[in-house]
Visitor: 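This is the structure I have questions about; it appears just below.
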Amino acid sequence: MVSLVLTSSDIFRALFLALSVVWLLSDLAFAKHAGITRHYKFDIKMQSVTRLCQTKNIVTVNGQFPGPRIIAREGDRLLIKVVNHVKYNVTIHWHGIRQIRSGWADGPAYVTQCPIQTGQSYVYNFTLTGQRGTLFWHAHISWLRATLYGPIVILPKKHASYPFPHPYKEVPIVFGEWWKADTETIINQAMTTGGAPNISDAFTINGLPGPSYNCSAKDTFKLKVKAGKTYLLRLVNAALNDELFFRVANHTLTVVEADAVYVKPFKTDIVLITPGQTTNVLLRAKSKTPSAKFAMSARPYATGPATFDNTTTIGILEYEKSASASKSNHKNLPLLKAKLPQFNDSSYAMKFQRKFRSLATAKFPAKVPKNVDRRFFFTVGLGILPCSKNQTCQGPNNTRPAAAVNNVSFVQPNIALLQAHFFNKSKGVYTTNFPTKPPFKFNYTGTPPKNIMLSSGTKLVALPFNISVELVMQDTSILGAESHPLHLHGFNFFVLGQGVGNFDPKKDPAKFNLVDPAERNTVGVPAGGWVAIRFLADNPGVWFMHCHLEVHTSWGLKMAWVVNDGKGRKQKLPPPPADLPKC
């Protein structure tokens with residue numbers, strides 16, 4: 001009889017092998033339902049571009065403007081290598097991607113990562129879990145997203161169909177904003193002088209301003225359609241500072257999705273889309289080829305007291321002619337204009353936002369948290385801050401305009417919040433005493449208080465894993481009531497209700513929609529009104545929340561949520577990747 005003596009290392013090896021087999025089997029089972037890995041390379045480089053008869057050097061991805069389209073399927077993994085060849089620090093945010101347990105790939109500078117410095121690179125590694133539809137990517141540092149942006153198209157899993165008629169063709173329509181001057185110079189000067197940054201010179205559709213601007217008729221986006229066919233337009237608002245009304249002359253649109261979540265289809269002539277939002281619409285071409293071309297027009301919805309770029313970008317919808325029709329006729333077809341609402345039509349805006357409803361079906365349920373663990377009431381709006389002693393600012397008593405949540409104007413740290421959180425080194429970087437309600441009560445949408453000075457700091461809210469949060473966001477009339485598109489990273493939330501005036505905690509919750517509310521990642525806080533949302537804090541990490549009007553973000557209308565790890569292995573944030581940029 002042979003006696004077998006096992007050393008501790010033998011036992012460890014056997015145990016490791018057994019565990020590996022179990023992991024491999026579970027991974028293989030998962031792989032059956034998983035997607036594929038897709039690789040992209042983003043070279044950040046300068047490119048000379050001419051618009052409005054003026055040429056300037058802009059920051060681009062791969063020399064393209066707008067940037068390349070990312071196409072993947074639900075369940076796919078994306079590995080996107082970003083190499084920085086320009087003088088600016090760069091980060092890329094994958095706007096609306098849930099980033100479940102992949103917060104290191106979310107992208108906001110000094111929140112989830114230090115920026116990618118000149119000559120450095122970083123691989124963004126994440127999986128598209130439970131999402132399908134239109135999102136977009138953009139730079140998330142300073143004002144670089146003015147030219148660094150592009151669409152993300154997430155197709156359903158193989159053999160899965162859309163819950164609406166399958167379109168003949170799909171077309172991304174990405175709205176942008178163009179300045180003749182260098183945008184980094186514009187925001188840096190504004191922050192130095194304490195003045196408002198210069199407004200843009202044009203809006204663009206897929207990078208092209210269109211015929212309403214000086215010498216831009218040749219730079220017009222054209223959509224050619226066939227009579228009787230249905231087209232899916234994937235609308236993205238990548239503009240910096242303006243919400244936009246959009247209309248196609250003499251055509252009705254059917255909204256079928258918002259922020260990569262299917263909605264109950266509804267017909268509309270006009271779409272309102274805030275920066276940070278995406279909307280998929282079906283456009284059914286007329287059954288017979290008409291003898292006209294049709295304007296596809298977008299112009300701002302602007303509610304604040306500040307000046308804004310009150311111009312219109314126009315693309316052209318053209319019908320393909322039959323072979324028998326002569327070419328000369330086609331060129332001289334009249335262009336029918338698209339009538340848009342008044343720039344400050346806030347009642348249209350409110351009515352339009354209320355039309356969005358989740359499908360709330362067995363296949364696409366609306367998982368609204370029914371019970372609430374934590375309630376928050378945030379004021380969002382403007383105020384003033386004192387300028388430093390060696391700075392001469394344009395405001396009264398050497399002050400400058402600023403923006404805040406609950407009176408706290410956010411101060412960007414100089415190391416990333418997520419690293420400080422993960423390595424338990426938050427001391428001196430941030431505190432978790434962000435106020436759950438405003439420091440003092442006032443008539444938020446009435447006459448503003450005399451003292452409009454804000455406080456400033458790097459304050460966060462800490463949340464235990466998997467708790468449900470209800471948040472009411474209230475606009476204020478300080479320096480003028482204004483619509484604020486608020487974007488939450490790392491989560492989708494349900495829009496329970498909205499209203500004009502001050503939120504009434506006794507009466508308004510009774511009207512909340514808990515059955516089929518819209519599920520979004522960006523929502524407009526109405527000008528002089530409020531919006532209520534709910535979300536489940538099921539994603540560990542540090543998650544930025546900010547106004548998607550870039551001028552307000554620069555002024556401090558931002559904060560962050562820290563969601564702590566849960567107990568299970570799948571409820572914890574993994575360690576950072578080895579190539580995570582250093583500050």
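Counting from 1, the numbers follow the sequence of the chain as shown.
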Visitor: Side chains of Val531 and Val472: does their closest heavy-atom pair fall under 4.5 Å?
Guide: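 Heavy-atom side-chain distance check fails, nothing below 4.5 Å.
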
Visitor: Is a salt bridge present between Arg98 and Asp538, judged by a nitrogen-to-oxygen distance below 4.0 Å?
Guide: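 So Arg98 pairs with Asp538 through a salt bridge.
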
Visitor: Aromatic contact between Tyr124 and Tyr40, with the criterion being ring centroids under 6.0 Å apart: yes or no?
Guide: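 So the answer is no for these two rings.
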
Visitor: Under 30°, 30 to 60°, or over 60°: which ring-plane class applies to Phe491 and Trp543, parallel, tilted or perpendicular?
Guide: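 Answer is perpendicular, since the angle exceeds 60°.
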
Visitor: Mind telling me whether Phe503 and Phe512 have parallel, tilted or perpendicular rings, with 30° and 60° as the class edges?
Guide: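 Because their plane-to-plane angle is under 30°, the rings of Phe512 and Phe503 count as parallel.
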
Visitor: Taking Trp179's backbone N and O only, do any of them form a donor-acceptor pair with Asp201's side chain (distance below 3.5 Å, no angle check)?
Guide: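 No, the answer is negative, given that no donor and acceptor are paired below the 3.5 Å cut-off.
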
Visitor: Is there a donor in the side chain of Tyr213 and an acceptor in the side chain of Thr311, or the other way round, less than 3.5 Å apart?
Guide: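 Thr311 and Tyr213 do have a side-chain donor-acceptor pair below 3.5 Å.
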
Visitor: Is the count of non-hydrogen atoms from other residues, nucleotides or ligands lying under 6.0 Å from Lys507 atom NZ greater than 12?
Guide: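 Atom NZ in Lys507 is not crowded, with 12 or fewer foreign heavy atoms closer than 6.0 Å.
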
Visitor: Spell out, as yes or no, whether a donor-acceptor pair under 3.5 Å connects the side chain of Lys293 to the backbone of Leu333.
Guide: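 Not confirmed, Lys293 side chain does not pair with Leu333 backbone.
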
Visitor: Should Phe352 and Thr268 count as side-chain neighbours, where that means a heavy-atom distance under 4.5 Å?
Guide: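 Yes, their side chains come closer than 4.5 Å.
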
Visitor: State the OG-CD1 distance between Ser297 and Ile314, to the nearest 0.5 angstrom.
Guide: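 Here the interatomic distance stands at 4.0 Å.
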
Visitor: Measure the shortest side-chain to side-chain distance between Met350 and Gln498 over non-hydrogen atoms and say whether it is less than 4.5 angstrom.
Guide: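 Yes, their side chains come closer than 4.5 Å.
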
Visitor: For the OG1 atom of Thr279 and the CD atom of Glu257, what is their distance to the nearest 0.5 Å?
Guide: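 That separation rounds to 8.5 Å.
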
Visitor: Could you label the plane-to-plane angle of the His487 and His548 rings as parallel, tilted or perpendicular, counting under 30° as parallel and over 60° as perpendicular?
Guide: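 Perpendicular, since the angle between the ring planes exceeds 60°.
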
Visitor: Taking 4.0 angstrom as the limit, do Asp508 and Lys511 come out as a salt bridge?
Guide: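 Salt bridge between Asp508 and Lys511, a charged N being under 4.0 Å from a carboxylate O: yes.
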
Visitor: Mind telling me whether Phe378 and Phe376 have parallel, tilted or perpendicular rings, with 30° and 60° as the class edges?
Guide: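 Phe376 vs Phe378 ring planes: perpendicular.
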
Visitor: Is there a donor-acceptor pair under 3.5 Å between the side chain of Asn492 and the backbone N or O of Glu519?
Guide: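 Checked: no pair found.
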
Visitor: Check whether more than 12 heavy atoms from other residues, nucleotides or ligands sit under 6.0 Å from atom NZ of Lys218, and answer yes or no.
Guide: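 Buried by this count: over 12 neighbours within 6.0 Å.
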
Visitor: Can you find a pair of side-chain heavy atoms, one from Val255 and one from Asn280, that are under 4.5 Å apart?
Guide: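 Side-chain contact under 4.5 Å: no.
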
Visitor: Could you give the distance from OG (Ser483) to CD (Glu243), rounded to the nearest 0.5 Å?
Guide: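 If I round to the nearest 0.5 Å, the distance is 3.5 Å.
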
Visitor: Is it true that the side chains of Asn125 and Arg77 contain a donor and an acceptor less than 3.5 Å apart?
Guide: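 On atom types as modelled, these side chains qualify, holding a pair under 3.5 Å.
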
Visitor: Do we get Arg299 above Phe203's six-membered ring, with its NZ or CZ under 6.0 Å from the centre and within 45° of the axis?
Guide: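 Here Arg299 fails the 6.0 Å and 45° test against Phe203.
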
Visitor: Please check if any side-chain donor atom of Asp309 sits under 3.5 Å from a side-chain acceptor atom of Ser200, or the reverse.
Guide: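 Note: Asp309 and Ser200 side chains meet the donor-acceptor criterion.
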
Visitor: Taking Glu170 first and then Arg234, would you say they form a salt bridge - that is, a charged N and a carboxylate O separated by under 4.0 Å?
Guide: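 Salt bridge: yes.
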
Visitor: Find the distance between CG (Asp106) and OG1 (Thr112) and round it off to the nearest 0.5 Å.
Guide: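 OG1 of Thr112 is found 5.0 Å from CG of Asp106.
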
Visitor: Would you confirm whether Trp137, through its side chain, and Pro68, through its main-chain N or O, come within 3.5 Å as a donor-acceptor pair?
Guide: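 Checking the backbone N and O of Pro68 against the side chain of Trp137, a donor-acceptor pair under 3.5 Å is found.
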
Visitor: Do Ile80 and Phe126 come close enough that some side-chain heavy atom pair is under 4.5 Å?
Guide: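 They are in side-chain contact.
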
Visitor: When you compare the side chain of Val225 with that of Leu317, does any pair of heavy atoms fall below 4.5 Å?
Guide: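 Counting from C-beta outward, Leu317 and Val225 do come under 4.5 Å.
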
Visitor: Can a donor-acceptor pair be found, under 3.5 Å and without considering hydrogens, that links the side chain of Arg132 to the backbone of Tyr262?
Guide: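 Not a single qualifying donor-acceptor pair exists.
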
Visitor: Take the angle between the ring planes of Phe266 and Phe356 and call it parallel below 30°, perpendicular above 60°, tilted in between.
Guide: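 Perpendicular: the ring planes of Phe266 and Phe356 meet at over 60°.
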
Visitor: Quick check on Lys355: does its NZ atom have over 12 non-hydrogen neighbours (other residues, nucleotides or ligands) under 6.0 Å away?
Guide: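 Yes - once you tally the heavy atoms of other residues, nucleotides and ligands closer than 6.0 Å, there are more than 12.
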
Visitor: Looking at His140 versus His95, is the centre-to-centre ring distance below 6.0 Å?
Guide: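 Centroid distance His140-His95: not below 6.0 Å, so no.
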
Visitor: Would you mind checking if Arg534 and Glu470 are paired as a salt bridge, meaning a charged N to carboxylate O distance below 4.0 Å?
Guide: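 Arg534 and Glu470: salt-bridged.
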
Visitor: Is the backbone of Asp259 close enough, under 3.5 Å, to the side chain of Thr278 for a donor and an acceptor to pair up by distance?
Guide: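 Yes; judged by distance alone, with no hydrogens or angles, the pair exists.
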
Visitor: Are Ser346 and Asn344 close enough that a side-chain donor and a side-chain acceptor fall under 3.5 Å?
Guide: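 Judged by distance alone, the side chains do not pair up.
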
Visitor: Are the side chains of Ile154 and Leu135 in contact, using a 4.5 Å heavy-atom criterion?
Guide: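 Yes, at least one pair of side-chain atoms sits under 4.5 Å.
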
Visitor: Quick one, Glu318 with Lys224, criterion salt bridge (Lys or Arg N to Asp or Glu O under 4.0 Å). Give me CA distance, side-chain angles, the key distance, then yes/no.
Guide: CA-CA 5 Å; Glu318 292 180 348; Lys224 282 199 159 57; 3.1 Å; yes

Visitor: Taking atom types as modelled, is there a side-chain donor on Tyr319 or Lys226 under 3.5 Å from an acceptor on the other?
Guide: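 No donor-acceptor contact under 3.5 Å links the two side chains.
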
Visitor: Could you grab the distance from atom CZ of Phe535 to atom CH2 of Trp561, nearest 0.5 Å is fine?
Guide: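 Going from CZ on Phe535 over to CH2 on Trp561, the span is 4.5 Å.
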
Visitor: Main chain of Val515, side chain of Asn513: is a donor-acceptor contact present, judged purely on distance under 3.5 Å?
Guide: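 Pair found, side chain donor or acceptor close to backbone of Val515.
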
Visitor: Does a donor on one side chain and an acceptor on the other come within less than 3.5 Å for Asn502 and Thr445?
Guide: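 Distance-only check passes for Asn502 and Thr445.
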
Visitor: Between the side chains of Glu177 and Thr204, is a donor N or O closer than 3.5 angstrom to an acceptor N or O?
Guide: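 Checked: Glu177/Thr204 side chains show no N/O donor-acceptor pair below 3.5 Å.
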
Visitor: Would you please indicate if the ring centroids of His546 and His552 are separated by under 6.0 Å?
Guide: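 Ring centroids of His546 and His552 are no less than 6.0 Å from each other.
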
Visitor: Would you confirm whether the ring centroid of Tyr162 sits within less than 6.0 angstrom of the ring centroid of Phe164?
Guide: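 Distance test on ring centres: under 6.0 Å, yes.
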
Visitor: Can you say whether the rings of Tyr149 and Phe65 are parallel (under 30°), tilted (30 to 60°) or perpendicular (over 60°)?
Guide: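 Perpendicular, since the angle between the ring planes exceeds 60°.
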
Visitor: Strictly distance-based, threshold 3.5 Å: is any side-chain N or O of Lys286 a donor or acceptor partner for the main-chain N or O of Asn250?
Guide: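 Yes.
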
Visitor: Has Glu550 got a side-chain atom pairing as donor or acceptor with Trp143's backbone, closer than 3.5 angstrom?
Guide: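 Side chain of Glu550 to backbone of Trp143, a donor-acceptor pair under 3.5 Å: no, none is there.
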
Visitor: If I take atom CD1 from residue Ile173 and atom CG from residue Leu232, how far apart are they, to the nearest 0.5 angstrom?
Guide: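 One gets 10.5 Å once the value is rounded to the nearest 0.5 Å.
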
Visitor: Under 3.5 Å, side chain of Asp475 to main-chain N/O of Glu482, donor-acceptor pair present?
Guide: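 Side chain of Asp475 to backbone of Glu482, a donor-acceptor pair under 3.5 Å: yes, one is there.
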
Visitor: Taking the side chain as everything from C-beta on, heavy atoms only, tell me whether Leu536 gets closer than 4.5 Å to Asn466.
Guide: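 Yes, side chains in contact.
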
Visitor: Can the ring centres of Phe246 and Phe175 be said to be less than 6.0 Å apart?
Guide: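 Yes, the ring of Phe246 comes within the 6.0 Å limit of the ring of Phe175, centre to centre.
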
